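Below is one structure, written out as structure tokens; comments come after it.
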Amino acid sequence: MVASALKTVPQAAGTEINIQTVSHHFDLEGAPLPVLDDITFDIEPGSFVALLGPSGCGKSTLLRLIAGLDHPAQGQIQVAGEKVADPDPSRILVFQDPTLFPWRNVRANVALGLEAQGTLKSEGHRVDEAIRLVGLTGFDKAYPHQLSGGMAQRVALARALVNRPNVLLLDEPLGKLDSLTRMTMQTELVRLWQQSGLTAVLVTHDVEEALYLAQRVIVFGPRPARIVADLQVDLPYPRHRGDPRLAELRHQALGHLGLDSSW
Amino acid sequence: MASIDIEAEIRAEPPARAPVQRVTLLAALSWFAAAAILLLWQDLTFQPLVRELALIWGAVGVALVALGLAGSRLGRVGRWTALRAPWLLAIGIGMAVWTVLTAKTGLLPQPFFPTPQALLEVFIYDWPKILHSASFSVWLLAKGFFFGALAGFAIGVGMGWSRAVSYWATPLLRYIGPLPATAWLPLAFFIFPTSGSASVFLIAFSTAFPVAVLTWSGIASVNRDYYEIARTLGASPLFLITRVAIPAALPHVFVGLFMGLSTSFAVLVVAEMLGVEAGLGWYLQWAQGWAAYANMYAALFVMAAMCSGLITLLFRIRDRVLVWQKGVVRW
Ligand SMILES: Nc1ncnc2c1ncn2[C@@H]1O[C@H](COP(=O)(O)OP(=O)(O)OP(=O)(O)O)[C@@H](O)[C@H]1O
Ligand SMILES: [Mg+2]
């Protein structure tokens, strides 16, 4: 059922992301709080990159800059060769909380993007496809308060995917789920990414999650964030959680985070 | 297993004897008693319509006997009477006590406390006037409330959305808003061409203030993330107002509408008493001029029905519009 749904989804070509000497700071009670310090890296089109770093280092801030919700104080970000100035449905950010609109049922939540872009009439079938894609067929009419945490997060994912974005920005989307649901959703994320061909950028605290999902893990140091490591995860999909190579990479990553003594 | 056995037993039992509703029968008794007191006990002074009223109360008693004997066989009606039987009993007793205190013993002095017969007389002979007054009041209120709610909503949305509107409107709202609308009454009757339009203005004014304040605070308290999500999905500013801000603020708006409706009742009655030559408020005033106390009670009775009916209507509308809130908030 899922496979047949996927065939009808055309491949959305993932686009390239260039982050060029980006620095950013916030004003905290009058004093500037530096958050990002001269960050430069490129993300290949269609790749899956994880951003790892200590809490409060500026990972979410970087995603918001890529999404166009904020503007970097210095440097610039290009997506598909164009400077990011404003939010755009081709780059969609999925928040840590599903943040569904409580007055809309599942279907209407997923349809939000098409409605906002005025294409719901002609492209309405994409809503059903997206709902099927995340395995929520039959829950179209349910309101957000009637969903479990994992289901709500899947609706948030469908709400993003229905727009066929070129870039999917995921800010700890699985952070609040129980470990079992989390593992299932991780596998689903890989499947969705592989089958849609989009560029995925995932922020996470979880070293295992980053290594299990991504082709490349960028490790940030404490605030203001600087890149301390750039690890290639040279393992084919589907991966096995017990793979010795993953354990080795985990040791490396924890070392860069200053936590290797705990391993 | 046990539950299955019980179900089988229930099914096996013949459905012939549905349980009789005892409280409903008791209620019937109270209505018969009221009718008997009315008929058999001599009135202090001459009262109209004694037999007619006794007939009505007796009929209520007969109906209750039928309902009580039929019991739960009547389905929805049966359940309703079962639920309301204590009230039906209390009202029957109330009728009897009222009759005794007014018509029979005069413990409550006439004419300030009319007898039940006198009240029935008002409804029988004056109902066209009461009905006309009530419909006039509802229409006046509807016009004022509609315009007031619309204006309040627009002001609230504007204040919640635009810095400039908020800058100019906030001090005005703070300074003028808390003033009771009735304080404008003398001026309004002077400025407006008709007392009707003046009343519509006053009712609208009293409605607009709470609706504006609550709409504004509702829009101000909308989760910022909703806007950001909508923006990344390609929403225009208009979409953000109509599809994000307003639906998210609607629960607050309804609180404002309830407050507005309650204050508009007060303004309506005062306006009708002081200037408009129609409506229930005017009817009250007119009845007072004739010392027609029974008419005043009748008007109060109809007015209460009108106000509670309108509040109930607004509740229904809210439940319909805010279905999604069930389960999010307990009312
Ligand atoms: N709007 C804001 N105003 C002021 N300071 C902010 C703002 N947003 C974030 N910050 C600060 O910037 C720093 C980085 O925040 P950010 O949310 O990017 O961290 P993070 O790496 O995502 O952390 P976590 O992993 O805990 O989510 C924090 O110290 C935070 O206090
Ligand atoms: Mg974060």
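In this text, all values refer to a predicted model and were calculated from it rather than measured experimentally.
With a 6.0 Å radius and a threshold of 12 heavy atoms from other residues, nucleotides or ligands, W184(B) has its CH2 atom at or below the threshold. Remark: F258(B) CZ is packed, more than 12 non-hydrogen atoms of other residues, nucleotides or ligands lying under 6.0 Å away.
In this structure, no portion of Q146(A) lies under 4.5 Å from any heavy atom of chain B. In this structure, chain B has heavy atoms under 4.5 Å from both the backbone and the side chain of R159(A). The contact between D88(A) and chain B is made entirely by backbone atoms, counting heavy-atom distances below 4.5 Å. Only the backbone of L100(A) comes within contact range of chain B, with heavy atoms under 4.5 Å apart. Y226(B) touches chain A through backbone and side chain together, each having a heavy atom under 4.5 Å away.
Taking 4.5 Å as the limit, some side-chain heavy atom of V323(B) sits within range of a side-chain heavy atom of Y143(A). Two residues are said to be in side-chain contact when any heavy atoms from C-beta on lie closer than 4.5 Å; D97(A) and D225(B) fail this criterion. Looking only at side-chain heavy atoms (C-beta outward), F101(A) and V244(B) come within less than 4.5 Å of each other. Within the 4.5 Å cutoff, no side-chain heavy atoms of T232(B) are placed close to those of F95(A).
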Checklist entry - Between F239(B) and L112(A), is a side-chain contact (heavy atoms from CB on, under 4.5 Å) present by the stated rule, with each step listed? => result CA-CA 10 Å; F239(B) 188 92; L112(A) 198 62; 4.0 Å; yes

Checklist entry - Going through the checks in order, is the side-chain contact (heavy atoms from CB on, under 4.5 Å) test met by R104(A) and W324(B)? => result CA-CA 7 Å; R104(A) 286 172 170 251; W324(B) 58 270; over 6 Å; no

Next on the checklist: If you apply the rule side-chain contact (heavy atoms from CB on, under 4.5 Å), what do you find for H145(A) with Q325(B), and how did you get there?
Outcome noted: CA-CA 9 Å; H145(A) 72 263; Q325(B) 275 218 318; over 6 Å; no

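Between chain B and the options T99(A), I92(A), V162(A), heavy-atom pairs under 4.5 Å are most frequent for T99(A). Each of A230(B), P247(B), A235(B) has some count of heavy-atom pairs under 4.5 Å with chain A, and the biggest count is that of P247(B).
Of the possible donor and acceptor atoms, one in the side chain of Q117(A) sits under 3.5 Å from a partner among the backbone N and O of L233(B).
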